[in-house]
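Notes for the one structure printed next.
Counting starts at 1 for both ligands and their atoms, following the listed order. For the single chain, residues carry numbers from 1 onward in sequence order.
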Amino acid sequence: MHARTIIEPFRIKSVEPIRQTTRAQRETLLRAAQYNLFLLPADDVLIDLLTDSGTGAMSTHQWAAIMEGDESYAGSRSFDRFQASVQDIFGYKHVIPTHQGRAAERILFGVTCKKGDVVPNNTHFDTTRANVEYTGAEAVDLLIPEGRHPEQSHPFKGNMDVAALEALIARVGRERIPLVMLTITNNSGGGQPVSMENARQVSGVCRRHGIPLYFDACRFAENAWFIKQREEGYGEKTPKEIAQEMFRLGDGCTMSAKKDGMANIGGFLCTNDDLLAQQEKNLLILTEGYPTYGGLAGRDLEAIAVGLQEALAEDYLRYRIASTAYLGKAIAAAGVPIVQPPGGHAIYMDARSFLPHIPSSQFPGVALACELYLEGGVRSVEIGTLMFAAAAQMDLVRLAMPRRVYTQSHVDYLVEVILEVWKNREAIHGMKLTYEAPFLRHFTAHLEPL
Ligand SMILES: Cc1ncc(COP(=O)(O)O)c(C=O)c1O
């Protein structure tokens with residue numbers, strides 16, 4: 001039988017209650033949170049899609065491994081298992097644990113970049129951009145043009161524009177580019193994958209110019225699944241073989257294990273360069289910890305060692321990507337404007353098209369996110385004018401799916417909530433800011449409906 005119903009490839013052994021509230025209660029709660037969903041207590045949220053980072057559920061094997069955690073300061077068994085698991089997939093010579101992805105970024109850019117340098121990426125994630133800029137270097141996004149149009153479909157919308165990379169190298173010179181990065185999948189561009197062919201071409205350009213290529217590998221397993229599904233010649237390969245092939249095209253990576261590491265905390269930095277690894281480990285000791293734990297507990301290293309392998313399991317990836325796509329397809333079929341095609345870890349709704357009567361200056365993304373909460377207790381995040389102010393090119397609302405946390409009936413409920421909001425969209429009002437911090441204002445802003 002070829003079943004159409006998506007079933008979770010796990011059964012539930014431990015449950016965490018979630019709390020139903022009434023609309024009247026949510027109105028009071030939202031007012032108390034100054035219409036900023038970051039300021040809501042998580043207990044007052046029914047379905048929390050704020051982020052897929054560190055919010056996943058661990059498996060029985062991960063919990064069992066946690067009990068094996070060796071908390072020795074130096075040379076722990078847990079580090080050996082962690083390193084073996086990372087090297088099995090990523091293949092790089094040096095594996096440096098960090099407390100999360102941005103710590104790996106800070107160390108990598110801290111030792112490789114200086115003022116006047118330029119770092120190309122398909123799209124820098126916000127912490128990646130901030131860590132590049134903190135060294136005085138310039139972060140340049142070189143996404144293919146298709147990646148910038150929400151409604152336009154393309155199988156590998158996360159690809160880098162290879163001609164633009166060549167042109168950049170010709171313009172600024174190889175000496176000013178300490179490394180090139182490829183983010184798989186491209187989070188800021190809608191969770192869209194990068195093809196093997198594109199990675200091969202980018203790697204070819206880098207090797208020709210003698211520039212190291214690094215992967216921002218947070219969602220490497222989801223990227224491998226998209227390649228298996230969409231790229232010719234990969235249908236018969238396993239996600240692990242695909243990931244291994246991709247990492248062979250590079251010289252190292254940064255990783256947040258809070259995504260496809262299936263862990264609640266952790267990350268790492270890899271490189272094949274002995275000298276660089278030495279400098280990185282010296283900096284690690286200064287700010288994160290000894291190189292065999294890097295700011296993590298031995299038990300965290302164990303959870304990541306197991307989680308990385310589980311993230312590559314085909315039945316898991318099939319369910320994961322199908323479940324995200326199911327949500328996207330169901331709401332798009334009813335007319336809800338979303339970034340197409342659905343990404344790996346999230347669905348992004350286009351709030352400007354959803355609420356055309358609300359100008360960007362009145363934060364349509366925030367208005368939509370607030371309404372989803374009022375309607376059904378769903379927490380999402382605005383990625384638009386509140387987050388980026390004048391630099392916002394779009395007003396999106398991201399529904400990020402935690403890994404292995406919600407079931408198909410939760411997704412059906414989400415569809416119901418979103419379609420109810422869609423039906424009543426003309427009654428939604430814009431918002432105005434009543435307080436903003438000088439930096440990263442979206443985390444702490446206060447707003448009020450107009
Ligand atoms: C593509 C990408 N890079 C880097 C990071 C940073 O990782 P962390 O939050 O673990 O510091 C994230 C986190 O969301 C991400 O999505």
Close N or O approach (Gly101, ligand 1; < 3.5 Å): yes

Nearest-contact summary for atom 10 (O) of ligand 1 - protein heavy atom, Å: Ser256 OG, 2.7 Å

Considering non-hydrogen atoms of the protein only, which is the closest contact for atom 8 (P) of ligand 1, and what is the distance? Gln100 NE2, 3.3 Å

Go through ligand 1 atom by atom and flag the ones less than 4.0 Å from a non-hydrogen atom of Lys258. 10 (O)

Between Phe215 and Phe220, does the ring centroid distance fall short of 6.0 Å? no

Tell me: protein heavy atom nearest atom 3 (N) of ligand 1, and distance? Asp216 OD2, 2.8 Å

May I ask you to identify the nearest protein heavy atom to atom 14 (O) of ligand 1, giving residue, atom name and distance to one decimal place in Å? Lys259 NZ, 2.8 Å

Side chain of Glu231, backbone of Ser195: donor and acceptor closer than 3.5 Å? no

What residue and heavy atom of the protein are closest to atom 11 (O) of ligand 1, and at what distance? Arg102 NE, 2.7 Å

More than 12 heavy atoms of other groups within 6.0 Å of Lys329 NZ: no

Looking at ligand 1, is there an atom of it that comes within less than 4.0 Å of some heavy atom belonging to Cys218? yes

If we ignore hydrogens and angles and just use 3.5 Å, is the side chain of Asp141 paired with the main-chain N or O of Leu143 as donor and acceptor? no

Could you pull out the closest heavy-atom pair between Pro120 and His124, with the gap in Å? C-CE1, 4.2 Å

Based purely on interatomic distance, does Asn187 place a nitrogen or oxygen under 3.5 Å from a nitrogen or oxygen of ligand 1? yes

Nearest protein heavy atom with distance in Å, relative to atom 6 (C) of ligand 1: Thr127 OG1, 3.5 Å

Got a donor-acceptor contact below 3.5 angstrom from the Asn122 side chain to the Thr183 backbone? yes

Under a 3.5 Å cutoff, is there a donor and acceptor pairing between the side chains of Thr271 and Asp273? no

Separation of Ile338 CD1 from Asp350 CG (nearest 0.5 Å): 10.0 Å

Could you identify the single nearest non-hydrogen protein atom to atom 4 (C) of ligand 1 and state the distance to 0.1 Å? Glu105 OE2, 3.1 Å

Within a distance under 4.0 Å of any heavy atom of Arg219, pick out the atoms of ligand 1 and give their elements. 1 (C), 15 (C), 16 (O)

Verify the neighbour count for atom CZ of Arg441: are there more than 12 heavy atoms of other residues, nucleotides or ligands below 6.0 Å? yes

Ligand 1 contact on Thr183 by region, counting heavy-atom pairs under 4.0 Å: side chain

